[in-house]
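What you see below is based on every heavy atom in this structure, not just the backbone, and it leaves out hydrogens, waters and symmetry mates. Naming convention: chains lettered A, B, ... in sequence-line order (proteins, then strands); numbering from 1 in each chain.
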Number of protein chains: 2
Amino acid sequence: MGIKVLLVDDHLVVLRGLRFFLSTQEDIEIIGEVENGEAAMKAVEEQKPDIVLMDLMMPVMDGVEATKRLKESHPEVKVVILSSFSDQDHVIPALQAGATGYQLKDVEPDVLVETIRKAAKGEKYLHPKATDLLMSEMTSDVSKETALIHDLTKREKEVLEQITLGKSNKEISNDLYITEKTVKTHVSHILSKLEVHDRTQAAIYAMKNRLFESS
Amino acid sequence: MGIKVLLVDDHLVVLRGLRFFLSTQEDIEIIGEVENGEAAMKAVEEQKPDIVLMDLMMPVMDGVEATKRLKESHPEVKVVILSSFSDQDHVIPALQAGATGYQLKDVEPDVLVETIRKAAKGEKYLHPKATDLLMSEMTSDVSKETALIHDLTKREKEVLEQITLGKSNKEISNDLYITEKTVKTHVSHILSKLEVHDRTQAAIYAMKNRLFESS
DNA sequence: AATAATCTCAGTCAAAAGTCTGAGGAGGAC
DNA sequence: GTCCTCCTCAGACTTTTGACTGAGATTATT
């Protein structure tokens, strides 16, 4: 028994093309073709594919949303995203939605087949550009704009960390054994140095730059 | 001219093995072998390889540290990690250090060759297990405690997003064309539903769970 | 010894945030 | 129609936050 694949794409040519070269593979069996995410939900329910090969840009229900819902209702089904160059913005959301693979449409046929085979085994396989984005997402922001934080004194960093834990001034004063007045002074200095207007913005800044363990 | 590769590993057998099957490739040229990170630094300086194929566990200077320093002094040199470990304690630091590829030592020869060729072109290529870790690192916390957010209405989610942008109630009221009173009502409901006490905690919650693009 | 930075605290205020109660209108569900 | 949810807004009120000024104590620097 081969790997049961459901094709999801709103362009007929793409569907035809995929069917054409996927059906030459002995271990792959195309069990259906649908043209949007909503139809994909139904098809998965009825036909129980192993793999859903899905486009991102589609009418009615896009690939990210469809992936998200699919993984909720049928976590065992593996989703492989097959997208075009243009929507790189959707790589991260798609992966977060639970996609097992990510390839671009200019992919070599045998690479796509390989991606499907790996996905069927639960292995992740991404296009280098997708991996690239994933890695830069990981490593960016971390060492980036940490310039302003260097202005903070030791104590101010401690207070900022408390802020990122969601504590109020009173709570901070308790935990650091200082008065609330002093906390306020520190907070004011922090806001000024980080060039933000309130503690929420300070917390956001700290988290985006991953200044502490918690973020 | 082939791809110039420097081998870095403290085990002689590994070096011999790598040289053996990499030298059968016409487009790959082994220009040196060293046995620790420190020696690698010198060798890179002198021999200007395109690729450094590096072990992680080494005496004197380990692979992560060596990668970090290499990318600082010679960012154009691509580092491919060849490790026997696929756990996150090794993979994540190595990638953050700037590795372009990551493969396990049980890799098929032709996959390793492929990894080197892709790395030479600047493309990232990781072992599926490494990709897996990278993704789970990204998506952890994400799909987790998103239960509470489902209680939020459409409008409340919009307001929460504004909060994660660091806006005040007044700014939100301007941008959403509603009164500040209404914003306050929404905020109160948001805090109650998310079971937090103030907007800062709400922002932290939203960012940790990556509820919006910005986070 | 003198300067500068840091940490601490206080008082005063204004502004912002958040709670609570109440309520009208719009739209969907039954 | 009726029920229910959502979005909207208001008034009254308390709490929290943050700005600004001023100042004593400690510590490191020069």
When you measure from the side-chain N and O atoms of B:Thr182 to the phosphate of D:dC9, is any distance below 4.0 Å, counting only OP1 and OP2? yes

NZ/B:Lys118 to OG1/A:Thr131 distance, rounded to the nearest 0.5 angstrom? 9.5 Å

Return the value, rounded to whole Å, for the distance between atom CD of B:Gln201 and atom P of C:dA17. 15 Å

Between A:Ala120 and A:Ile51 the two heavy atoms that sit nearest each other are N-CD1, 3.6 Å

Under the 3.5 angstrom rule, does the side chain of B:Ser188 hit a backbone N or O of B:Thr185 as a donor-acceptor pair? no

Treating primed atoms plus P, OP1 and OP2 as sugar-phosphate and everything else as base, which nucleotides of nucleotides 24-30 of chain D get B, S or - for protein heavy atoms under 4.0 Å? -------

Using the closest heavy atom to pick a nucleotide of DNA chain C for each, name whichever of B:Ser188 or A:Glu156 lands nearer the 5' end. A:Glu156

Is it the case that atom NZ in B:Lys129 sees more than 12 heavy atoms from other parts of the structure closer than 6.0 Å? no

Rounded interatomic separation in angstrom, taking CD1 from B:Ile190 and C1' from D:dC6: 13 Å

For the residue pair B:Leu7 and B:Leu82, establish whether any side-chain heavy-atom pair is separated by less than 4.5 Å. no

For a side-chain contact (heavy atoms from CB on, under 4.5 Å) with B:Arg199, tell me which candidate from B:Val159, B:Leu160, B:Val187, B:Thr164 qualifies. B:Val187

Spacing of A:Leu152 atom CG relative to C:dA5 atom P, expressed in whole Å: 16 Å

Give a yes or no on whether A:Glu35 atom CD has more than 12 heavy-atom contacts from other residues, nucleotides or ligands under 6.0 Å away. no

I need the CZ-P distance between A:Arg155 and C:dC9, as an integer number of Å. 9 Å

Would you tell me if any nitrogen or oxygen in the side chain of A:Ser192 comes within less than 4.0 Å of OP1 or OP2 on D:dA19? no

Check whether any side-chain N or O of B:Thr153 sits under 4.0 Å from OP1 or OP2 of D:dC6, and answer yes or no. no

Which of C:dG18, D:dA10, C:dT8 is nearest the side chain of B:Thr179? It is D:dA10

Under 4.0 Å: is that the gap between some side-chain N or O of A:His186 and OP1 or OP2 of C:dT8? yes

Contact string for nucleotides 22-30 of chain C, one letter per nucleotide 5' to 3', B = base within protein heavy-atom range under 4.0 Å, S = sugar-phosphate only, - = neither, reads ---------

Hey, does A:Lys42 have a side-chain heavy atom less than 4.5 Å from the side chain of A:Glu38? no

What do you reckon, is CZ of A:Phe21 surrounded by more than 12 foreign heavy atoms closer than 6.0 Å? yes

Interatomic spacing from NZ in A:Lys208 to CE in B:Met207 - rounded to 0.5 Å: 5.5 Å

Anything under 3.5 Å between a protein N or O and an N or O of nucleotides 14-17 of chain D, put it in a table, one pair a line.
{"unit_1": "D:dT17", "atom_1": "OP2", "unit_2": "A:Asn169", "atom_2": "N", "d": "3.3"}

Is the shortest heavy-atom distance from the side chain of A:Thr200 to the side chain of A:Ile163 under 4.5 Å? no

Calculate the interatomic distance between A:Ile163 atom CD1 and C:dA17 atom C1'; express it in whole Å. 16 Å

Atom pair distance, as rounded to whole Å: NZ in A:Lys181 and P in D:dT21: 15 Å

Does any part of the side chain of B:Val183, heavy atoms only, come nearer than 4.5 Å to the side chain of B:Leu176, both counted from C-beta? no

Can you measure B:Lys193 atom NZ to C:dG18 atom P for me and round it to whole angstrom units? 16 Å

Value in whole Å for how far the C1' atom of D:dA19 lies from NE2 of A:His189: 10 Å

